[in-house]
Structures are given as structure tokens and as C-alpha cells.
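Working notes, structure below.
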Number of protein chains: 2
Amino acid sequence: MTQTVPTRDRLLDAAERLFAEHGLDGTSLRRITTAADANLAAVNYHFGSKLELVRAVFERRLAPMNGERLRLLDAAVAAAAPAAPDLRAVLHAFLAPALSLGRKDGREFFVLIARAHSTPHAEVQSAIVEQFGDVIARFGGALQAALPEVPLPELFWRVHFTIGALCHTVVNTDLLRLASGGLCDDADETAVLARLLDFAVAGMSGGAAR
Amino acid sequence: MTQTVPTRDRLLDAAERLFAEHGLDGTSLRRITTAADANLAAVNYHFGSKLELVRAVFERRLAPMNGERLRLLDAAVAAAAPAAPDLRAVLHAFLAPALSLGRKDGREFFVLIARAHSTPHAEVQSAIVEQFGDVIARFGGALQAALPEVPLPELFWRVHFTIGALCHTVVNTDLLRLASGGLCDDADETAVLARLLDFAVAGMSGGAAR
DNA sequence: GGATCGGTCAAACGTTCGTTTGATACGCTT
DNA sequence: AAGCGTATCAAACGAACGTTTGACCGATCC
């Protein structure tokens, strides 16, 4: 039986799914290569090592997501120029691509990202952080412009809280559905985004919002 | 050289620290027993297995924290009775013990808890969730009373966001200090709690706060 | 048509893991 | 002093891990 998808891609797909499901250390190359219908040596041949495979899995998803974030931010800044960008528009540019990725084909990947963020491996951690340099710098400036009355340290803290809400939402929606007894439905992505945006805008502007 | 601290406790201390530092799978019984100045077989003798050791590490910290949460909630409810409890007081009862635990002797433990929350091991996961049954039920009711105008599903979502902000704050303050270039100082616990409370109150009440 | 190269394969490498075992030492009670 | 659990110890167990090796296959090029 011939494979139409290249082995390298099948390895990435299988690794992403299994990493998210069982963690980095909990997923052996044997499970990955078996799931990808490839030979055990395939990972070391195509990627060099397990660590390089992990890095490849991350880069495949993170680059498009952060690119989309910056694209939306540019649009929001341009729409408001020369005035300060709208807070909700900036937060939308930051939250929407992540929320979207966390629910499409990248659902499992986002679980993985959150787990890897607290991984014991320093190499993995730094490999991820590198992908966010531009995003941090650009959004920091935009938020400062949108909320000029908020002191900079205060702003950082609130962004920190917002990121926490975002990550927890993407990763643990199952937990919410469970805790709410099925009351909370996460099927409607735009509704979830709207709720998260409401929460973030209110929190970011410190109760004096709108 | 005689040990004044029982081996069992030394094992718990070493395991908590190493689990938080290197993850559950990344920490071998050999490292734990070496750090605890105990024999390799000590874990299996005192706890039966590595999994039981993990459960013991969790229970030692979670039980007091959730107990303190419920105690503070009782006080907040009693203080306002027969009127509805104050939103900020309820959120304080929920957030303060967790934030406090995440910064005292339990600092490393809280990192561990956040990591274990997304652990691949189902046994570990369920062992943690069991510890939160009472807290979820009690705080759910109190928040509903404090925010009668917010529909129940909406309420669950906002609690979900708040928990995300809390976890991210406790676990990743180092990341914030780094990203802010030292602007954000987390040394003052009451100040951090105040900021988190401001954010949560604003977000929970949906911009119409105070 | 022989050589070359990317890709795949089974098999084995050495290491580390959690757990088990049997012996040994200490502090009780009788 | 003898007997008996409790606790600790070194040593070994089998299993699973990431990685390496050398042979094999098919397409492409000279």
C-alpha cells in the first residue's frame, strides 16, 4: 500500500497528536513511528533527533498563528490611525488567532503548547519563547497606546492575566463543560471569543471600561 | 549522622521540589531518594509506588488550601447575611489562599499543580480533581448569589477565565518579570492579590462593576 | 547498465527506569 | 536475653527508552 502523504508529514501529524495526548516524555518514538506507519529510525533520519522533531512540531503551528496576529494588529492600528488603536480591536488581534488555532486542526497542538510551556526541558522552552519575540514587542506598544492612562507595570500585569484566561480557555474547555454540567457550550467559537473579549476588555481597562 | 526529620517527610519534600522542577516523568525515584538522603527502595516501602507518592505530595498541600478557601467563604457569607455576599469578598476567598500557597513554602508545589493539571496520566489528574469537589460547589453557589443578574452559563465562563488568570499568575510570574524587563515586581503579595482581584472583579461583573 | 542517492527496514546498542528481593540493624515488649 | 515488627540497605530484575548501524530498495543520472 503506497502512502500519498510524505513520511515526514505523517510523522509531524502523529507526533503532534500523541504529544498533546501523552506529553513529550510520555510519547516514545516507537509510538509515533507506529502511528505514522513509519519505521522506528524514520524520526532520526528526517529530523536528526526527538528534540528536533519537537521543535518542528511547534514551528509548524506557531509561525502562522503569530503571523496572523501581527496582520490583524496592523489592520487595527491602520483603521484607527492617526488616533490610538481601539482596545477591543487590539485584544481581538491577539486573542482571535490563538483561540481559532486552538479549535481547528490545531486543537491538540494548543494543548501541547500549554503543556510544553511548563516543560522540564529548557531546550524546548527556549525554542517556544523565541517564536513570540515580535508579538510581545508589537502588542506591548499597541496596548500602551490604547490605554495611555494605565501605568506600564499595571498594563503588563493585566496582559499577564489576560494571557492566563486565554490559555486556560483554549486548553481546558473540557473541564468547564464538565464543571458546568453541560451548561457551557464551546461549540460556537465566535461566542466564546466574544465572552473572552468582554472579560479581557473589562479587566484590562480596570472596571472603568467602554 | 542521624536524621531529625523522618524519611517519609524528607521524601515528600524532595519529591515536591524535584517534581516541580523537572516534571513527574522527568524525576526518577533515584533522584528523589538521593536528594532525600534515603535509599532507593524507601519510596516503595513508605508509599507503595511512585504514583502513590505523587498523590501524597498533592494531598499534603491541597487539603489545607481548599480548607482555608471554604473558611474564608463562610466568613464572607456570614458577614453579608442575610444579604447576598460581596463579589470581591467571595473572589478574595477563592484567590487569596491559592496565591498565598503559591508563594510560601508551596511555591514549587503550585508550579507542580499547574503542570500536573495537564499531565498525561489520568490517574494523577483524577486524584487532583477529587480534591476540589466541595470548593466548586460552594463557590458556584456564592457567586450566583453575588451576581444574580449574570446568567449561569455566563458566570461559569467568567469563573473559568478567572481561574486561568490565577493559575497563570502563580505559575509564570518569572515570565512576567522577564517580559516586563523587571518593571513588574511580584515581591509584594498583597499588591499582586489586589491587582488580580481588581482584574477578576472587573471581568466577572462584565464591565458594569463596582 | 552500472553508479548514485534518498528513503526505508529489521536488529541491535547502551542507558535508565520502577520495582522487587533478601539481608541487616535498631527499638520495642515479654 | 530472646523475639518481633519497623526501617534501611545494596543488589539485581525485566522492561522501555533514544539512538545507531548496515543492508536493502527504487528512481535518477552519466
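Computed from a prediction, not measured in an experiment: that's the story for all the values here. Numbered from 1 within each chain, the chains take letters A, B, ... in sequence-line order.
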Contact check, side chains of L73(B) and F94(B), non-hydrogen atoms, under 4.5 Å: no

Residue pair R69(A) / N66(A), side-chain heavy-atom distance below 4.5 Å: yes

Between [atom2] on [N] and [atom1] on [X], what's the gap in Å once rounded to a whole number?
X	N	atom1	atom2	answer
K50(A)	dG18(D)	NZ	P	4 Å
D9(B)	dT8(D)	CG	C1'	16 Å
L40(B)	dA12(D)	CG	P	14 Å
L53(A)	dC17(D)	CG	P	15 Å
D25(B)	dA16(D)	CG	P	15 Å
L29(A)	dG18(D)	CG	P	4 Å
N39(A)	dA23(D)	CG	C1'	12 Å
L18(A)	dG18(D)	CG	C1'	16 Å

Can you give me the closest heavy-atom contact between [X] and [Y], atom names plus distance?
X	Y	value
L152(B)	Q144(B)	CD1-CD, 3.5 Å
H168(A)	H160(B)	ND1-O, 3.2 Å
R31(A)	G26(A)	NH1-O, 4.2 Å

Separation between OG1 of T34(A) and CG of L18(A), rounded to the nearest 0.5 Å: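 Here the interatomic distance stands at 9.5 Å.
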
Residues, nucleotides or ligands: over 12 heavy atoms within 6.0 Å of D134(A) CG: no

Over 12 non-hydrogen atoms of neighbours within 6.0 angstrom of CZ in R60(A): yes

5' to 3' contact window, DNA chain C with chain A (heavy-atom distance under 4.0 Å): dG6(C) to dA12(C)

Sugar-phosphate only, base, or nothing, as touched by A38(B) at under 4.0 Å among non-hydrogen atoms: sugar-phosphate

Sugar-phosphate, base or nothing in reach of T33(A), heavy atoms under 4.0 Å: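 Contact class for T33(A): none.
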
Donor-acceptor contact below 3.5 Å, side chain T33(A) vs main chain R30(A): yes

Under 3.5 Å, which protein N or O atoms sit close to an N or O of nucleotides 5-7 of chain D? Give each pair with its distance.
from, atom 1, to, atom 2, distance (Å)
dA7(D), OP2, Y45(B), OH, 3.1

